[in-house]
Number of protein chains: 2
Amino acid sequence: MAKIIATKNSSKKEVIAKKAAALFRNKSFAATSMRELAENIGVEASSLYNHIGSKNELLQTICFKVANDFTIHLNEVEKNTNSSIIKLEELIRFHINMMLSHSDEVFVANHEWKQLSEPFLSNFMNQRKSYENRWVEIIKDGIRKKELKNLNPHITVLTILSAVRSVEFWQRHKKSIESNDLESNIIDHLLNGLIK
Amino acid sequence: MAKIIATKNSSKKEVIAKKAAALFRNKSFAATSMRELAENIGVEASSLYNHIGSKNELLQTICFKVANDFTIHLNEVEKNTNSSIIKLEELIRFHINMMLSHSDEVFVANHEWKQLSEPFLSNFMNQRKSYENRWVEIIKDGIRKKELKNLNPHITVLTILSAVRSVEFWQRHKKSIESNDLESNIIDHLLNGLIK
DNA sequence: ATAAAAAACTAATAAGTGTTAGTTTTGATA
DNA sequence: TATCAAAACTAACACTTATTAGTTTTTTAT
């Protein structure tokens, strides 16, 4: 009889969620069946329900874990009294590192959140909007202190948050690009621009 | 009896593809049923098959139309003898305008291409890789001519192609951001950076 | 070794899937 | 007005879906 193997660091539920994140990323949430997930883990589909509530709950677990990680880090950054530039650099660095260390989960949170059911969908969107607004405040502060150029803060935030997702593409190019280069290049590009 | 209404500019097949793009964008390809698509158009699901071959074919139509539009524009840019900076600016501008004028189709091509079936999936990935490589050459040329900083050209391309996708996010913020600002801000940010 | 709890299994449910076959209606042309 | 093709319809197919019920096996604790 097959078994779900919990490790010291991950409960059985976490093992399932981890595998689910990988499948949701590669095939999309809707196109991944519970039978397929079960097969990847090595048990029957119905056995999963001893450990999880539903397929939807798996998506919720993944999305809110990621959202909370980002929120917690932002709390830390806001506490410090660094310049806006340092704060932005820390935030960008955290995004890049999260995408490298939890790539499946972050991908799913970025691309499959729309499949959340209510009220989780609304919660998620609100949490995201609040997160963006707090970035905007950091940028506004930097403009006020003449540290940053007077670009539109909302657009700037959206541009940065989009740009860091290049790490997703990078996963396809791993051979030709070093991971250290990736981080420094993106930060340099976004902060200092491309033109000599 | 309900009908699919073709206009002067769009055949019935194009009307279906347009509506499909909107649904595939908002619900994902896998989560959109042919019955749902049909209902949105105002006919029965089986009636669609008088005009299209399959659900998969719809996705192919959408994805390759977008891919070809980008390839054709890149051909034009390469023909001209402008500086690399002007070329990049033209390319970025085109991306932004495509996302504004064909937002559903571009979104689907960006996010749902994984659901393509073979051999279309491989074709699409190859076309995309070739497109990226031609961007890389433009950047390399700019570095050679001392127009651009010596950043990693691959990462630079990925960063730009990611960053322009901020237009997707912008659709959620329409009220607070002008579309003109959007274009100039993104270009300024990506070319000249954020720091004063 | 025994009893209880946890977690696996098989089997089934009800609903939904893309698509096809066959039929009827529609709209244009002769 | 009669004819014919285009395009709509209804009904059905064969399959897949998430999830539950009921049962058996495995693990844990006494």
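Naming convention: chains lettered A, B, ... in sequence-line order (proteins, then strands); numbering from 1 in each chain.
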| request: Pick out which of B/Trp113, B/Phe107, B/Phe29 makes a ring-ring contact (aromatic ring centres under 6.0 Å, His included) with B/Phe24. | output: B/Phe29

| query | Reckon A/Ser33 has a side-chain N or O less than 4.0 Å from the OP1 or OP2 of D/dT17? | reply | yes

| Looking just at side-chain N and O atoms, do A/Glu147 and A/Ser84 make a donor-acceptor pair shorter than 3.5 Å? | yes

| said: Without decimals, in angstroms, what is the distance between A/Lys13 NZ and C/dA6 P? | reply: 16 Å

| request: Write down the distance between CD (B/Glu44) and P (C/dT20), rounded to a whole number of angstrom. | output: 17 Å

| task | Give me the residues of residues 47-59 of chain A where at least one heavy atom lies under 4.0 Å from an atom of DNA chain D, by number, or none. | result | A/Tyr49, A/Ser54, A/Lys55

| request: Can you tell me the distance, in whole Å, between the CG atom of A/Leu23 and the P atom of D/dT17? | output: 13 Å

| query | A/Ile41 CD1 to C/dC9 P: how many Å, rounded? | reply | 11 Å

| request: Can you tell me the distance, in whole Å, between the CG atom of B/Leu37 and the C1' atom of C/dT17? | output: 14 Å

| field | Listed once per pair and sorted, the side-chain hydrogen bond (donor to acceptor under 3.5 Å, both in side chains) pairs that draw on residues 35-53 of chain B, sequence neighbours left out | value | B/Lys27-B/Glu36

| task | Look at the aromatic rings of B/Phe94 and B/His73 and report parallel, tilted or perpendicular, splitting at 30° and 60°. | result | parallel

| query | Does B/Arg35 make a side-chain donor-acceptor contact with the base of C/dG16, cut-off 3.5 Å? | reply | no

| said: Under 4.0 Å from OP1 or OP2 of C/dT19: is there any side-chain N or O of B/Ser46 that close? | reply: no

| Do A/Arg134 and A/Asn75 have a side chain donor and acceptor closer than 3.5 Å? | yes

| request: Please identify each residue that fulfils salt bridge (Lys or Arg N to Asp or Glu O under 4.0 Å) with B/Lys145, with sequence neighbours left out. | output: B/Asp141

| remark: To the nearest angstrom, the CE-P distance between A/Met34 and C/dA15 comes to 20 Å

